[in-house]
Amino acid sequence: MSKLRIERIIEIKENIMDDKRNEMKVAAAEIERITNDINDIYGNIDINYNKLTVNSSNSNDIYVLKEYIIFLENKKLEMIGQREKLRAKMDIMKAELFELIKEIKMLEILKSKELKIIKKSQNRKEQKMLDELASRIDERK
């Protein structure tokens, strides 16, 4: 592979890495939002549970509060599931990012080897030209 081709592949891989990092930032922000919502739901459940334990409530209020608490519990479980899915997705993205880093390192090594080969070839050409020049000088004497 040529040096330019390897550099282009590295550039593409780095762009993919940047995209993965951005996706991870978005996912982390989403996890943070969901976690905050879950904490809000916990607070809301506590408030409504305290209202439920007050003896001055009538049966209709108790029924409504129980139903609302059940709704909040279901919503909390749903959000916890969403958060776990996002965490699993982030773990996959981290693994992909790690693989991209390894690929870029291998390409960098390949690029340096390619540069060594090119330099060696240029040195051979220069040495050949110097040898030809020296033989011409010897012929003139």
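Index from 1, following the sequence.
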Would you name the heavy atoms of Ile104 and Ile10 that are closest together and state the gap between them?
CG2-CG2, 4.3 Å
Hey, what do you get for CG (Asp40) to CE (Met79), rounding to the nearest 0.5 Å?
8.5 Å
Keeping to residues at least two apart or across chains, list the side-chain hydrogen bond (donor to acceptor under 3.5 Å, both in side chains) pairs with something in residues 92-102.
Lys20-Glu96
Same hydrophobic cluster for Tyr42 and Phe71, using side-chain heavy-atom links shorter than 4.5 Å among ILVMFWY?
yes
Provide the full list of salt bridge (Lys or Arg N to Asp or Glu O under 4.0 Å) pairs with a residue in residues 74-85, sequence neighbours left out, each pair given once.
Glu73-Lys76, Glu84-Arg87
So, the side chain of Thr35 versus the backbone of Ile31: is there a donor-acceptor pair under 3.5 Å, distance only?
yes
Atom pair CG (Asp19) and CG (Leu97), whose distance is rounded to the nearest 0.5 Å:
11.0 Å
Pair Arg21, Asp18 - check side-chain contact (heavy atoms from CB on, under 4.5 Å), show working.
CA-CA 5 Å; Arg21 287 184 182 127; Asp18 290 341; 3.5 Å; yes
Classify the side-chain pair Asn48/Asn44 by whether it contains a donor and acceptor separated by less than 3.5 Å.
yes
Please report the interatomic distance CD1(Ile41) to CD1(Ile69), rounded to the nearest 0.5 Å.
13.0 Å
Residues Glu30, Arg33: salt bridge by 4.0 Å N-O rule
yes
Single-linkage hydrophobic cluster, 4.5 Å side-chain cutoff, Ile118 and Ile6 together
no
N-O pairing of Lys128 and Asp131 below 4.0 Å
no
Single-linkage hydrophobic cluster, 4.5 Å side-chain cutoff, Tyr49 and Leu65 together:
yes
Classify the side-chain pair Gln127/Asn123 by whether it contains a donor and acceptor separated by less than 3.5 Å.
no
Can Leu72 be reached from Ile70 by stepping across I, L, V, M, F, W or Y side chains whose heavy atoms are under 4.5 Å apart?
no
Working to the nearest 0.5 angstrom, can you tell me the gap between Lys119 NZ and Ser112 OG?
12.0 Å
In terms of hydrophobic clusters joined by side-chain contacts under 4.5 Å, are Met17 and Ile12 together?
yes
Any Lys/Arg nitrogen of Glu114 or Lys111 sitting under 4.0 Å from an Asp/Glu carboxylate oxygen of the other?
no
What distance do Ile45 atom CD1 and Ile38 atom CD1 have between them, rounded to the nearest 0.5 Å?
10.5 Å
dist Glu11:CD -> Leu107:CG (nearest 0.5 Å) comes out at 12.5 Å
Sequence neighbours excluded, which residues qualify as side chain to side chain donor-acceptor pair (under 3.5 Å) partners of Asn36?
none
Which heavy atom of Ala27 sits nearest to which heavy atom of Met90, and what is that distance?
CB-CG, 3.6 Å
